[in-house]
K.L.:
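Dropping the structure in here first, questions after.
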Amino acid sequence: MQLGFYIDQSRCINCHTCAVACKDWHNIPAGSVNWRWVVSVEQGKYPRVFVAFFALSCLHCAKPACIPACPVGAITKRQADGIVLVDRDACLGKEDCGLCREACPYKAPQFATDGEAKMQMCHLCADRWQEGRKPVCVEACPMRALDAGPLDKLEARYGMLKQVPGFVYAAESRPSVVFKARQPELLQ
Amino acid sequence: MGEARIITTSCSHDCGGRCLLRVHVHDGKIVRIETDDGEAPQLRACLRGRAYRQRIYSPDRLKYPLKRVGARGEGKFQRISWDEALDTVANELLRVRSMYGNASILLLAGSGSQAVLHGAGAVERLLAKFGGYTRTWGIPSFEGALFASMATYGTMMTGNAREDLLNARLIVMWGWNPAVTVWDTNTAYILARAKEKGTRIISIDPRLIESTAVFAAEWIPIRPGTDAAMLVAMAYVIMERRLEDRQFLEKYTVGFDKFRDYVLGVEDGIPKTPTWAEKITGIPRATIEKLAIEYATSKPAALIPGWGPARGSRGEQFTRAACTIIAMTGNIGIAGGYAGGFMRAFHSREMVMPRGARNPVEEGAPPRPYSLYKLRGAAKPTSARIHSVKVYDAILRGRAGGYPCDPKMAYIVASNFLCSYPNTNQGIKAFQKLEFIVVHEQRMTPTARFADILLPVNTFMEREDIISPWLGSPYYLFMNKAIDSLYESKSDRDICAELAPRLGIADYRDGRSNEEWLRIITQQTGDIPDFDSFKAKGYVKLKVDEPFVAFREQIEDPVAHPFPTLSGKIEIYCPHLAEMENPLIPPIAKYLPVPDGFSDPLSKKYPLQLVTVHHKPATHTTMERIPWLDEVEPRRVWINTRDAETRGISNGDRVLVFNDRGKMLMAANVTERIMPGVVSIGHGGWFELDANGVDHGGCTNILTPSEHSPGGAWCTNTVLVEVRKV
Ligand code: SF4
């Protein structure tokens with residue numbers, strides 16, 4: 001089974017509630033890393049301008065580019081649910097390595113600037129799944145623009161759209177995600 | 001680590017929403033904050049509520065009572081005991097009262113705490129029992145919209161339930177950005193669902209705001225301060241094509257003929273055609289025509305006049321004009337329509353603490369000139385109050401300047417006044433003139449730095465209270481106490497209760513504990529069956545059969561249910577306004593050119609129109625300087641690519657934004673999302689003046705005028721500036 005995200009670009013209002021809730025739940029200080037962040041897309045010229053937003057994180061790819069990039073095998077993909085996890089004790093840190101971040105098409109692996117700066121990133125709230133709860137970002141979103149669950153179920157429910165303005169589907173890695181797109185009405 | 005307890009509460013700041021927080025407490029410390037995951041409608045908190053842990057444990061939290069030791073505003077303080085602090089405040093209150101009288105005590109009460117027991121109300125109660133005080137009128141957010149709502153409908157209860165937007169065929173968001181300002185929890189969510197249902201949504205705003213980006217099928221950028229011209233021209237188109245709902249106008253309104261005479265040019269020889277409006281608004285006349293026809297032929301349609309465009313010079317005219325074309329199309333009292341006006345939807349917001357004593361300073365004072373004093377239901381229109389933007393001038397000039405008193409001391413509660421009210425530089429001068437300043441605060445704000453005595457207040461997480469939604473959605477929230485008060489902080493109410501005996505007030509609490517008061521207030525709502533289960537659950541969500549629609553009764557049975565105006569009808573022409581004979585608040589809606597507007601000769605020197613908008617992470621200044629929020633969106637000045645180019649400004653450059661009132665430095669956001677000729681900055685900020693008097697803290701009120709319209713509208717969206725690369 002592979003867990004993944006549904007991301008509704010047509011609803012995301014760029015509020016960052018998901019990102020702040022993530023930092024609160026996982027106790028991540030400001031100014032260090034972002035397990036979840038919000039992408040803002042701006043196209044066109046005044047007054048025909050297209051603007052859209054969507055929240056992104058590690059997408060727990062079917063074939064994660066970060067795993068072969070790691071020289072010490074610190075990144076693994078969990079058999080049972082496909083969550084990509086990092087062993088921070090094994091990680092060499094950004095100073096000496098940082099190759100996973102370079103390999104990732106979405107720059108999801110995160111390194112803090114202080115201390116040892118070992119890699120960290122979204123683990124799909126593995127702690128909450130264990131209690132049968134969805135990731136904190138999903139429960140936080142005031143627009144209900146996020147969902148998470150078995151990817152096949154998400155695809156059955158929300159469709160197969162894998163690419164939206166501002167997001168390129170990395171076919172080799174196969175990120176575990178489906179989208180809904182914001183329509184470009186404002187450009188017309 | 002043992003299990004965390006989960007406490008249910010709600011934010012109580014002036015954010016626009018009212019959401020459920022589930023606070024995880026471990027060993028007396030808040031460790032996490034979650035939100036509503038229970039029954040519908042879920043009241044999910046926004047980023048500000050989710051970041052609240054960092055506000056509570058902020059290094060800026062005031063820990064002990066402080067006494068000023070440096071110059072006023074310098075920020076040098078010494079720790080003192082509560083006894084010394086309270087004795088000093090009491091002695092000053094007694095001294096000022098005996099030397100100058102109660103009217104010299106100025107209460108500057110902000111919107112920082114909106115729950116029933118705590119915040120500004122606690123101090124109002126104390127000072128009323130002390131013999132009175134001078135307070136302000138002119139609410140920053142909405143005074144223009146409120147005035148227009150009262151003049152047109154005789155009430156502020158003019159909004160429909162959020163869910164009713166799902167019944168509209170067309171939604172026109174006019175200067176309205178609920179994706180940021182929330183405007184009652186779940187409004188943006190319901191707009192998304194309306195869009196998904198196929199409702200067409202149009203947005204009119206000088207900026208391509210988040211709500212436009214996500215919900216709108218069309219963006220119509222408009223020059224700030226010209227909204228009334230656009231509306232009047234839309235009325236022209238509707239009249240010309242005979243699209244108005246004549247039956248509705250006949251049955252429910254008065255004075256349409258006078259408005260028609262103005263629009264068609266019978267009154268002044270100028271027909272208010274789309275060509276006329278094009279020059280003023282910057283909107284092509286074909287767009288005006290198309291929107292007018294679409295709005296008039298898409299019933300039911302919800303035209304929502306936001307408070308922002310009314311927050312400008314002559315801002316009353318925007319809301320009046322909007323209400324007028326809403327009435328012309330008969331979109332009132334029906335599902336899917338929207339009456340405009342003030343737009344409070346349900347009586348839950350009227351939950352208040354029964355007033356202890358009236359303010360004796362206001363007793364017997366005549367009504368304020370240009371107030372709608374014959375109507376009931378808005379704030380008391382007494383001439384004993386000072387308009388909030390005139391506080392500084394009143395301090396500097398007093399009775400000699402025509403004000404009702406000579407302010408000698410300021411009692412500041414729940415307000416970062418200097419950052420939140422216009423013309424901060426004037427404020428700094430004025431505050432130096434006062435004999436005494438006491439501030440209740442939670443953190444060391446720029447205003448708190450001006451205190452002589454600074455009293456540390458706890459946050460809502462450290463006390464018990466109840467609260468209702470901002471614009472009156474049908475629910476109530478119980479704010480359970482999550483943790484004990486940090487450091488030596490106390491609640492506003494406890495501070496007042498301890499001051500009371502020092503002031504000779506025997507029974508500040510009127511013989512009742514906080515919980516007894518909460519029980520009484522809960523019962524008075526008539527909506528909450530049982531206090532104890534309310535407290536245990538943390539909320540009461542009322543079941544409603546159909547979404548509330550304002551004025552349904554007035555439309556269905558006008559004889560039994562007249563509008564609460566003097567005529568009993570919707571006053572397109574308002575005789576109460578006519579009596580005032582003030583050309584700046586005419587009896588019908590008009591477009592009035594304004595000083596500091598785009599057509600002012602001053603625009604040669606300062607060619608850019610500044611709008612000061614809500615800054616998403618900040619809640620005015622309450623959530624300022626919270627690390628998790630600061631990194632979301634730094635304050636930057638939005639400037640159109642073309643305007644930036646002519647000034648040699650690139651994205652991210654440090655720029656000086658300035659006019660005759662002040663100067664501020666910030667980074668530029670060069671974007672296509674704002675109309676050329678307009679710049680915008682999130683309001684609030686945290687002023688930090690350098691040696692040259694330049695602000696580095698994003699305090700937009702350094703630039704805004706301390707002026708208001710006769711109806712009370714603030715002018716913080718009517719500002720001319722220039723921007724220069726540094
Ligand atoms: S919480 Fe939802 S709407 Fe807000 S930024 Fe995240 S995904 Fe977008």
Side-chain angles (χ1 to χ4, degrees), chain A residues 8-34 36-38 40-55 127-128 133-134 136-146 165 180 182-188, chain B residues 17 19 24 31-37 42-54 178-180 182 185-186 188-189 191-193 195-196 203 208-221 616-617 626-633 640-642 671-676:
Chain A
D8 187 345
Q9 186 188 45
S10 78
R11 279 190 177 181
C12 176
I13 56 172
N14 190 30
C15 71
H16 288 76
T17 305
C18 50
V20 173
C22 174
K23 291 203 161 168
D24 177 63
W25 186 264
H26 298 292
N27 217 7
I28 300 167
S32 60
V33 297
N34 300 300
R36 174 163 291 285
W37 63 94
V38 186
S40 163
V41 185
E42 183 179 320
Q43 296 166 357
K45 282 269 160 209
Y46 175 89
R48 298 278 160 262
V49 191
F50 171 82
V51 176
F53 317 100
F54 60 97
D127 52 328
R128 291 170 61 103
R133 302 186 66 195
K134 290 196 173 175
V136 71
C137 53
V138 172
E139 282 195 7
C141 177
M143 296 303 291
R144 290 73 167 171
L146 295 173
K180 185 176 170 193
R182 170 68 167 116
Q183 298 306 314
E185 296 155 287
L186 294 177
L187 287 174
Q188 280 136 31
Chain B
C19 312
H24 296 227
V31 290
R32 273 173 174 162
I33 296 176
E34 285 192 277
T35 192
D36 198 351
D37 60 357
Q42 285 185 357
L43 307 165
R44 293 193 180 186
C46 77
L47 72 165
R48 299 168 291 208
R50 300 304 291 252
Y52 210 79
R53 183 153 64 96
Q54 287 198 331
V180 168
V182 188
T185 306
N186 282 330
Y189 176 47
L191 278 168
R193 284 169 44 207
K195 182 178 176 62
E196 284 157 15
S203 175
L208 201 166
I209 48 180
E210 283 81 347
S211 300
T212 311
V214 182
F215 310 126
E218 188 178 346
W219 173 39
I220 304 176
K616 175 172 15 201
I626 308 291
W628 279 335
L629 297 178
D630 287 348
E631 68 180 353
V632 164
E633 194 175 295
N640 181 277
T641 317
R642 280 180 248 169
T671 175
E672 299 291 332
R673 289 176 59 185
I674 190 163
M675 183 174 190

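Keep in mind that the numbers below use all heavy atoms, side chains included, and drop hydrogens, waters and symmetry copies. Letters A, B, ... mirror the listed sequences (proteins, then strands); counts begin at 1.
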K.L.:
Sort out for me which of Ser211(B), Ala216(B), Pro617(B) touches chain A most, counting heavy-atom pairs under 4.5 Å.
P.N.:
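The option with the most such pairs is Ala216(B).
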
K.L.:
Measure across Pro142(A) and Ala45(B) and return the closest heavy-atom pair with its distance rounded to 0.1 Å.
P.N.:
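That closest heavy-atom pairing would be CG-O, 3.9 Å.
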
K.L.:
With only heavy atoms counted, which part of Val41(A) is less than 4.5 Å from chain B, the side chain, the backbone, both or neither?
P.N.:
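Answer is neither: Val41(A) stays 4.5 Å or more from chain B.
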
K.L.:
When you measure from the side chain of Trp628(B) to the backbone of Ala19(A), do you find a donor-acceptor pair of N or O atoms at a distance under 3.5 Å?
P.N.:
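Flag not set: sc Trp628(B) to bb Ala19(A) has no pair under 3.5 Å.
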
K.L.:
Given that the side chain runs from C-beta out, which part of Pro184(A) has a heavy atom under 4.5 Å from chain B: side chain, backbone, both or neither?
P.N.:
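For Pro184(A), neither part sits under 4.5 Å from chain B.
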
K.L.:
Taking the side chain as every heavy atom from C-beta outward, state whether Ile13(A) and Phe215(B) have any atom pair closer than 4.5 Å.
P.N.:
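With C-beta onward as the side chain, the pair touches.
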
K.L.:
Is it the side chain or the backbone of Asn640(B) that comes within 4.5 Å of chain A heavy atoms, both, or neither?
P.N.:
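The side chain, not the backbone.
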
K.L.:
Between atom CD of Glu633(B) and atom OG of Ser40(A), what is the distance when rounded to the nearest 0.5 Å?
P.N.:
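Atom-to-atom, Glu633(B):CD and Ser40(A):OG are 9.5 Å apart.
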
K.L.:
Quick one: what part of Glu42(A) sits under 4.5 Å from any heavy atom of chain B, side chain, backbone, both or neither?
P.N.:
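It is the side chain, since no backbone atom gets that close.
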
K.L.:
As a test of understanding, state which of Arg32(B), Arg53(B), Gln54(B) forms a side-chain hydrogen bond (donor to acceptor under 3.5 Å, both in side chains) with Asp24(A).
P.N.:
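The single option meeting the side-chain hydrogen bond (donor to acceptor under 3.5 Å, both in side chains) with Asp24(A) is Arg53(B).
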
K.L.:
Heavy-atom distance under 4.5 Å between the side chains of Lys195(B) and Glu185(A), does that happen here?
P.N.:
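Lys195(B) vs Glu185(A): side chains touch.
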
K.L.:
Where do Ala192(B) and Arg11(A) come nearest, in terms of heavy atoms and distance?
P.N.:
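So the two residues come closest at CB-CG, 4.0 Å.
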
K.L.:
Using non-hydrogen atoms only, which part of Ile674(B) is less than 4.5 Å away from chain A: side chain, backbone, both, or neither?
P.N.:
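Only the backbone of Ile674(B) comes within 4.5 Å of chain A.
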
K.L.:
For each of Gln9(A), Gln188(A), Lys23(A), tally heavy-atom pairs with chain B at distances under 4.5 Å, and name the one with the top tally.
P.N.:
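Greatest number of close heavy-atom pairs with chain B: Lys23(A).
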
K.L.:
Report yes if some heavy atom in the side chain of Asn14(A) is under 4.5 Å from a heavy atom in the side chain of Lys616(B); otherwise report no.
P.N.:
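In short, these two side chains touch, coming nearer than 4.5 Å.
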
K.L.:
Mind ranking Ala179(B), Ala213(B), Ala188(B) by heavy-atom pairs under 4.5 Å with chain A and telling me who comes out on top?
P.N.:
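So the answer, after comparing Ala179(B), Ala213(B), Ala188(B), is Ala213(B).
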
K.L.:
Out of Cys19(B), Pro676(B), Ser203(B), which one racks up the most heavy-atom pairs below 4.5 Å with chain A?
P.N.:
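Ranked by heavy-atom pairs under 4.5 Å with chain A, first place is Pro676(B).
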
K.L.:
I want to check something: taking the side chain as every heavy atom from C-beta on, are Asp37(B) and Arg133(A) in contact at a cut-off of under 4.5 Å?
P.N.:
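Yes, at least one pair of side-chain atoms sits under 4.5 Å.
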
K.L.:
Testing the basics here: between Val20(A) and Leu47(B), what is the closest heavy-atom pair and its distance to 0.1 Å?
P.N.:
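Nearest pair, atom of Val20(A) first, then Leu47(B): CG1-O, 3.7 Å.
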
K.L.:
Write down the atom of Glu196(B), the atom of Ser10(A), and the distance for their closest heavy-atom approach.
P.N.:
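Nearest heavy atoms, Glu196(B) then Ser10(A): OE2-OG, 4.4 Å.
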
K.L.:
I'd like to know which of Pro29(A), Ala145(A), Cys141(A), Ala30(A) tops the heavy-atom pair count under 4.5 Å against chain B.
P.N.:
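If we count pairs closer than 4.5 Å to chain B, Ala30(A) comes out on top.
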
K.L.:
Is there a donor-acceptor pair closer than 3.5 Å between any side-chain N or O of Glu672(B) and the backbone N or O of Lys45(A)?
P.N.:
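Looks like no, no N/O pair under 3.5 Å.
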
K.L.:
Looking at OG1 of Thr671(B) and OH of Tyr46(A), how far apart are the two atoms once the value is rounded to the nearest 0.5 Å?
P.N.:
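That separation rounds to 11.5 Å.
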
K.L.:
Please flag which part of Lys180(A) lies under 4.5 Å from any non-hydrogen atom of chain B: side chain, backbone, both or neither.
P.N.:
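Side chain only.
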
K.L.:
Are side-chain heavy atoms of Gln42(B) and Arg144(A) found at a separation under 4.5 Å?
P.N.:
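Touching, per the 4.5 Å side-chain cut-off.
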
K.L.:
Starting at CD of Glu210(B), measure out to SG of Cys12(A) and round the result to the nearest 0.5 Å.
P.N.:
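Output value for this atom pair is 10.0 Å.
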
K.L.:
Roughly how far, to the nearest 0.5 Å, is CZ of Arg50(B) from NE2 of His16(A)?
P.N.:
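Going from the NE2 atom of His16(A) to the CZ atom of Arg50(B) covers 15.0 Å.
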
K.L.:
With a 4.5 angstrom heavy-atom cut-off, could you sort out which part of Glu218(B) is near chain A: side chain, backbone, both or neither?
P.N.:
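Looking at Glu218(B), just its backbone touches chain A.
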
K.L.:
Does any backbone or side-chain atom of Arg48(B) lie under 4.5 Å from a heavy atom of chain A? Answer side chain, backbone, both or neither.
P.N.:
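Arg48(B) has no heavy atom closer than 4.5 Å to chain A.
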
K.L.:
Shorter than 4.5 Å, heavy atoms on both sides: which option in Gly31(A), Ala52(A), Ala140(A) has the most such pairs with chain B?
P.N.:
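Option with the top pair count is Ala140(A).
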
K.L.:
So which part of Ile33(B) gets closer than 4.5 Å to some heavy atom of chain A, the side chain, the backbone, both or neither?
P.N.:
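Contact with chain A is through both the backbone and side chain of Ile33(B).
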
